[in-house]
There are 4 protein chains.
Amino acid sequence: MSQKRQEIIKIAAALIESKGYENTKLSDILEAAAIGKGQFYHYFSSKHELGLEVLDYFYEIFDREVLEGILSSKKSPEAKINEMLQWVLENHTSKQARCGCIFGNIALELSEHDPAFSKKVREVFDKWIDKLSIVLEEMARGKEGSSCVEVAQGVVALIEGGIMIMKNKQDIKVLEDILTLARRMIATS
Amino acid sequence: MSQKRQEIIKIAAALIESKGYENTKLSDILEAAAIGKGQFYHYFSSKHELGLEVLDYFYEIFDREVLEGILSSKKSPEAKINEMLQWVLENHTSKQARCGCIFGNIALELSEHDPAFSKKVREVFDKWIDKLSIVLEEMARGKEGSSCVEVAQGVVALIEGGIMIMKNKQDIKVLEDILTLARRMIATS
Amino acid sequence: MSQKRQEIIKIAAALIESKGYENTKLSDILEAAAIGKGQFYHYFSSKHELGLEVLDYFYEIFDREVLEGILSSKKSPEAKINEMLQWVLENHTSKQARCGCIFGNIALELSEHDPAFSKKVREVFDKWIDKLSIVLEEMARGKEGSSCVEVAQGVVALIEGGIMIMKNKQDIKVLEDILTLARRMIATS
Amino acid sequence: MSQKRQEIIKIAAALIESKGYENTKLSDILEAAAIGKGQFYHYFSSKHELGLEVLDYFYEIFDREVLEGILSSKKSPEAKINEMLQWVLENHTSKQARCGCIFGNIALELSEHDPAFSKKVREVFDKWIDKLSIVLEEMARGKEGSSCVEVAQGVVALIEGGIMIMKNKQDIKVLEDILTLARRMIATS
DNA sequence: GATGAATGAGCGTTCATTCAT
DNA sequence: CATGAATGAACGCTCATTCAT
């Protein structure tokens with residue numbers, strides 16, 4: 001994979017994360033990347049393709065850091081949950097509650113009319129719920145309770161909804177409170 | 001208020017709910033309402049103004065049916081919670097899990113660059129959390145537990161996140177499961 | 001002539017004088033006159049017709065006050081010239097150098113593509129030059145000098161050009177200086 | 001500067017000179033230049049920007065040919081005046097008295113509502129009066145008379161007013177007569 | 001590989017005028 | 001007489017994409 005191509009993806013990712021896909025114009029990307037139109041269309045067949053690559057880029061980070069790095073580690077399930085929630089909080093704290101979740105944003109912005117984006121986002125949520133569900137399973141050994149998949153889905157939904165409200169209020173405290181509830185949801189499941 | 005104006009708002013509301021604000025072109029609205037450009041601008045000063053009216057339109061329904069009709073009724077808090085969750089489920093079932101929550105959609109689509117939309121959405125969430133929190137207070141009399149406001153916020157986040165995932169998966173079952181968790185979140189708070 | 005019609009002309013005249021013909025929208029006129037579209041089109045067949053009436057309205061004032069009231073009076077030619085120049089200065093002083101000459105404005109704004117406007121403006125200038133020329137003739141009895149018509153035309157041109165520069169600079173002093181030169185131009189002709 | 005850009009400016013200049021700024025539609029320019037909308041907006045950010053460039057284009061010609069080429073030359077003041085007046089006459093003769101003065105036209109069409117245009121026109125008039133005043137000063141050494149600046153302003157006003165009347169009458173003779181008066185105004189100052 | 005000039009369908013908006021009541 | 005809803009052509013402008021060099 002060309003290095004320039006990766007650089008373009010990274011630059012576009014930052015723009016799309018903070019401004020949204022439609023609202024990030026190709027000219028914004030070209031300017032930020034300091035390249036011409038010809039170079040862009042040499043690396044990508046369309047803005048749409050770049051968008052999918054950007055989604056992949058975010059997915060790779062999320063997969064490496066959270067799904068693999070945290071949820072698939074050798075630590076105790078409790079520690080894994082803790083670290084995941086901590087990761088979420090830190091991620092949005094560093095962006096000052098401004099960006100929202102890129103997957104949720106894309107889900108709502110483009111899912112409806114673009115099956116390719118929709119599919120990718122669905123895979124992210126599915127995999128997240130799946131991995132989380134396995135961790136919950138570890139915790140739940142021998143205990144009664146709801147289906148771990150459903151709880152995992154609930155935790156993801158709670159986090160996504162929390163991020164949405166946090167972004168709308170521009171207040172990181174919303175997310176902190178939500179994560180506390182996520183902990184309890186897991187504990188009482 | 002003119003009847004035609006109301007009709008345009010209603011038609012636009014349906015389009016915006018299912019396609020999003022930016023992706024609903026003025027020409028879509030004109031075609032659906034069978035009117036000309038001039039007539040549109042006779043009733044509205046801009047697409048933006050229409051968008052705000054559409055948000056008001058949804059808020060009025062939500063306020064009348066849920067915030068006032070259900071959460072402010074004389075029934076038991078348990079019944080009110082039940083009816084609210086039921087309303088949410090029915091609302092999205094009737095739309096076949098296709099639209100998502102109009103407030104959440106707008107929140108993510110426009111919050112960032114349009115303060116007017118952002119403010120209206122914030123008010124909806126705030127009022128919903130506030131009313132729900134009062135109901136939770138009624139239920140919690142004498143009991144220990146988390147702050148009702150935070151739990152209410154969590155319930156709203158859970159529902160919003162659940163609707164987002166439901167829409168992305170195009171599967172109403174997601175929402176059913178999420179609402180079950182919402183019940184438990186309230187019960188164990 | 002209907003009184004309402006006259007009222008509309010007067011209101012439109014004020015708007016057109018200060019904002020120009022094209023830049024005065026029909027809706028501005030309707031609002032200022034507090035009438036509906038139907039009433040307007042009852043009295044006038046088009047904006048264009050109103051424009052011509054407005055030009056007539058200004059011409060009537062100019063004719064009554066200057067061409068007849070001053071230039072055709074029984075006073076000495078010197079007094080008549082003096083009063084005419086004084087009238088010009090007072091007219092623009094009261095409007096704070098903001099409007100320019102309505103005839104000059106229309107001449108430049110519409111002459112090119114609208115023969116009807118062009119013709120009316122031409123008549124105003126012709127009649128002004130003509131009347132002024134007669135006064136100059138009275139003064140010149142027995143003296144040598146340029147043709148009075150040409151001097152009259154020069155005085156009118158000087159005044160119009162002076163008003164143009166005055167408006168552009170938004171400075172009434174320009175006009176004062178110009179009128180001094182007009183006096184000398186007449187004296188030395 | 002791109003050659004195409006210059007070509008567009010030149011074509012637009014001819015249209016705007018003869019039809020006015022507002023009355024020259026973008027589509028007229030595109031058609032005359034045989035280009036598409038996209039190309040236009042590749043070179044200019046707006047019609048407004050083009051308008052200012054067109055004004056600059058005319059100013060450069062005027063500055064090079066008249067302000068510098070004639071008024072700042074080493075010839076006698078009398079010759080300079082003569083050549084300037086001759087330039088004005090030839091300029092309008094070649095355009096068959098149809099266009100008027102572009103600076104005067106813009107002054108009256110846009111001065112009021114567009115400060116950028118107004119400022120540029122003001123600078124043209126100021127510089128013209130200034131340069132002319134210096135020439136008049138040369139002529140006046142040792143003689144009594146009015147302030148040269150005021151006379152210069154009067155000459156410019158006379159010319160501008162004369163062009164206006166010439167355009168309205170579509171008759172170059174008006175301008176010839178006016179220029180004769182301008183000569184006398186200078187001689188008797 | 002790389003440039004940026006060129007394309008053109010589509011956007012939201014304006015506004016004089018017409019027409020049903 | 002009067003209303004104001006309705007029309008629709010035209011406007012300036014956007015922007016992803018294509019193409020000649």
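What's counted below: heavy atoms across the whole structure, side chains too, no hydrogens, waters or symmetry copies. Predicted model, so just to flag it, every value in this text is computed and none were measured. Here is how names work: the chains are called A, B, and so on, in the same order as the sequence lines, proteins then strands, and each is numbered from 1.
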Open item on the list: If I take atom CG in residue B/L50 and atom P in nucleotide E/dT13, what distance separates them, rounded to the nearest angstrom?
Closed with: 10 Å

Task: Short side-chain N/O contact to E/dG1 OP1/OP2 from A/H42, under 4.0 Å - done: yes

- [ ] Write down the distance between NZ (B/K4) and P (F/dT7), rounded to a whole number of angstrom.
- [x] 8 Å

Open item on the list: Show me, range against range, the stems involving DNA chain F, built from at least 3 consecutive Watson-Crick or G-U pairs below 3.5 Å.
Closed with: E:2-21 with F:2-21

TODO: Would you jot down, in residue-number order, the residues of residues 15-31 of chain B having a non-hydrogen atom under 4.0 Å from DNA chain E?
DONE: B/K25, B/L26, B/S27

TODO: Output all residues satisfying side-chain contact (heavy atoms from CB on, under 4.5 Å) with C/V54, sequence neighbours left out; order by chain, then residue number.
DONE: C/I9, C/A12, C/A13, C/I16, C/L50, C/F58

- [ ] Look at the side chain of D/E109 and the backbone N and O of D/E22, then say whether any donor-acceptor pair between them is shorter than 3.5 Å.
- [x] yes

Open item on the list: I want to check something: taking the side chain as every heavy atom from C-beta on, are C/L108 and D/K167 in contact at a cut-off of under 4.5 Å?
Closed with: yes

Task: Residue mapping more 5' on DNA chain E - nearest nucleotide basis, A/G36 or D/A34 - done: A/G36

TODO: Give a yes or no on whether a salt bridge exists between B/E49 and B/R5, defined as a side-chain N under 4.0 angstrom from a carboxylate O.
DONE: yes

- [ ] Would you mind classifying the nucleic acid contact of C/Y43 as base, sugar-phosphate or nothing, using non-hydrogen atoms under 4.0 angstrom?
- [x] sugar-phosphate

Open item on the list: I need the B/Y43 OH to B/E7 CD distance, nearest 0.5 Å.
Closed with: 9.0 Å

Task: Spacing between D/F40 atom CZ and F/dT14 atom P, to the nearest angstrom - done: 11 Å

Open item on the list: Without decimals, in angstroms, what is the distance between A/Q39 CD and E/dG4 P?
Closed with: 10 Å

- [ ] Look at the side chain of C/N168 and the backbone N and O of D/A107, then say whether any donor-acceptor pair between them is shorter than 3.5 Å.
- [x] no

Open item on the list: Can you list everything that forms a ring pair (Phe, Tyr, Trp, His ring centres under 6.0 Å) with C/F62? Sequence neighbours excluded, please.
Closed with: C/W87, C/F103, C/W128

- [ ] Would you classify D/F44 as touching base, sugar-phosphate or nothing, given that sugar-phosphate means primed atoms plus P, OP1 and OP2, and contacts are heavy atoms under 4.0 Å?
- [x] nothing

TODO: Find out whether the Lys NZ or Arg CZ of D/K47 is both under 6.0 angstrom from the six-membered ring centre of D/Y21 and within 45° of the ring's axis.
DONE: yes

Task: Nearest-angstrom distance from the residue atom NZ of D/K47 to P of E/dT13 - done: 20 Å

TODO: Considering only NZ, NE, NH1 and NH2 on the basic side and carboxylate oxygens on the acidic side, decide whether A/K119 and A/E123 come within less than 4.0 Å.
DONE: yes

Under 3.5 Å, which protein N or O atoms sit close to an N or O of nucleotides 18-21 of chain E? Give each pair with its distance.
none

Task: Nearest-0.5 Å distance, CG of residue C/L52 to CZ of residue C/F117 - done: 4.5 Å

Task: All side-chain contact (heavy atoms from CB on, under 4.5 Å) counterparts of A/K37, not counting sequence neighbours - done: A/L30

